[in-house]
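None of these values were measured; they are calculated from a predicted model.
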Amino acid sequence: MKQIYEKYLPPFVKDTREFQILSEIEGEILEEEKQAKEDLEADQWIITATEGGLKRRAKLLSTAKEEGESLEDFRQRVLFLWNHHSPYTYFHLLDWLEGICDKENVAVDMQYDKYYLHIEIRLIKKQLQEEVRKTVRKMIPANIVLDVTLRYNLYGELKPYTHGELKRRNFRYIDLREDDGRYW
C-alpha cells in the first residue's frame, strides 16, 4: 500500500517519518479508490458486473436476487431480462399497431424530415383511437408530432351503393360517413 503513495512524493520527503506514516494511510485510501474505480467500470456491463451492479440493474427491471441464488445465476437472469426489453423502434411500432388494429385497419405515414407521424385508423376500430394516441405518445420521441385520425368513408367507397339500397337500410348521412361500409 505504501508504494502507491510514495511514488508521487519527491525523494527528499520519502525519508521523513511523518510522510511514511501518511503514506501508509494514504496508500490504503488510494487502494480503496482504485478498487472502487475498477468496480464502477465493471458495473457498466452485466457480464462483468459486481453483485452491487447487478442489484442496481435488477432494481431497474423490478426484480431482486432470490435467496440462495448464486451470483452467476443472478447474472444470467438479469441478462435475460435486460435483453428482452427491446427499445421502441419504428418497426416495433408498426408491429404493435398491426397487432392491435389489424393490418388493413391502420395506415401509418412517417415524415422524417418534418418529424411528423400520422396514424389513420379505419372506422371499425374507432374505439381504439384514444388508446393508440396515448400508447404511441409513450413509444415515440418527444420531438415528433403525432396525429391520430379516423379514416372516414370516401365517395369512392360509397359509389357501388344506390340511393335505394341506402334508403332501404335506413342510413342517415352521418351513418354513411361514420360507419365502416365494409360491414354493412
Q. Hey, are the side chains of Phe74 and Lys55 touching, using non-hydrogen atoms and a 4.5 Å cut-off?
A. yes
Q. Hey, what do you get for CD (Glu104) to CD1 (Ile124), rounding to the nearest 0.5 Å?
A. 10.0 Å
Q.
Keeping Arg75 on the side-chain end and Ile46 on the backbone end, is there a donor-acceptor pair under 3.5 Å?
A. yes
Q) Any side-chain heavy-atom pair from Trp96 and Phe91 closer than 4.5 angstrom? A) no
Q) With side chains defined as the heavy atoms from C-beta onward, is the minimum distance between Ile119 and Leu97 less than 4.5 Å? A) yes
Q. Going by the salt bridge (charged side-chain N to carboxylate O under 4.0 Å, His left out) test, which pairs reach into residues 40-49, not counting sequence neighbours?
A. Lys37-Glu41
Q) How many angstroms lie between CZ in Arg77 and CD in Glu72, if you round to the nearest 0.5 Å? A) 13.5 Å
(Q) Is the shortest side-chain heavy-atom distance between Leu150 and Gln129 below 4.5 Å? (A) yes
Q.
When you compare the side chain of Val108 with that of Leu117, does any pair of heavy atoms fall below 4.5 Å?
A. yes
Q | Separation between CD1 of Ile47 and CD of Gln76, rounded to the nearest 0.5 Å | A | 8.0 Å
**Q.** Rounded distance [0.5 Å steps], CD in Glu98 versus CG in Leu94
**A.** 6.0 Å
Q | Minimum side-chain heavy-atom gap Tyr115-Val145 below 4.5 Å | A | no
Q.
Please report the interatomic distance CD1(Ile25) to CG(Leu30), rounded to the nearest 0.5 Å.
A. 12.0 Å
Q: Starting from the C-alpha separation in whole Å, work towards a yes-or-no answer on side chain to side chain contact (heavy atoms under 4.5 Å, CB included) for Ile121 and Arg151.
A: CA-CA 6 Å; Ile121 302 171; Arg151 183 177 180 274; over 6 Å; no
Q. Can a donor-acceptor pair be found between the side chains of Asp113 and Gln111 at a distance below 3.5 Å?
A. no
Q | Shortest non-hydrogen separation from Ala42 to Thr48 and the atoms involved | A | O-OG1, 2.7 Å
Q. Can any side-chain N or O of Glu31 pair as donor or acceptor with the backbone N or O of Glu28 at less than 3.5 Å?
A. no
Q: Before giving the answer on side chain to side chain contact (heavy atoms under 4.5 Å, CB included), spell out for Lys65 and Glu51 the whole-Å C-alpha distance, their side-chain angles and the decisive distance to 0.1 Å.
A: CA-CA 9 Å; Lys65 185 176 179 184; Glu51 187 171 0; 3.1 Å; yes
Q.
Please check this pair: side chain of Asn105 against backbone of Cys101, looking for a donor-acceptor N/O pair closer than 3.5 Å.
A. yes
Q: Group every Ile, Leu, Val, Met, Phe, Trp and Tyr by side-chain heavy-atom contacts under 4.5 Å, then state whether Ile100 and Tyr90 land in the same group.
A: yes
Q. At what distance, to the nearest 0.5 angstrom, does CG of Leu81 lie from CG of Leu60?
A. 11.5 Å
Without placing hydrogens or testing angles, list every side-chain donor-acceptor pair under 3.5 Å for residues 132-142, not counting sequence neighbours.
from	atom 1	to	atom 2	distance (Å)
Thr135	OG1	Glu131	O	2.9
Thr135	OG1	Glu131	OE2	3.2
Arg137	NH1	Ile144	O	3.1
Arg137	NH2	Pro141	O	3.0
Arg137	NH2	Ile144	O	3.0

Q: Tell me, with the steps shown, if Met110 and Tyr116 meet side chain to side chain contact (heavy atoms under 4.5 Å, CB included).
A: CA-CA 6 Å; Met110 178 67 192; Tyr116 179 76; over 6 Å; no
Q. Going through the checks in order, is the side chain to side chain contact (heavy atoms under 4.5 Å, CB included) test met by Thr89 and Leu93?
A. CA-CA 6 Å; Thr89 63; Leu93 171 72; over 6 Å; no
Q: Measure the shortest side-chain to side-chain distance between Glu120 and Val106 over non-hydrogen atoms and say whether it is less than 4.5 angstrom.
A: no
Q. Which atom pair, heavy atoms only, marks the closest approach of His118 to Thr149?
A. CE1-OG1, 3.0 Å
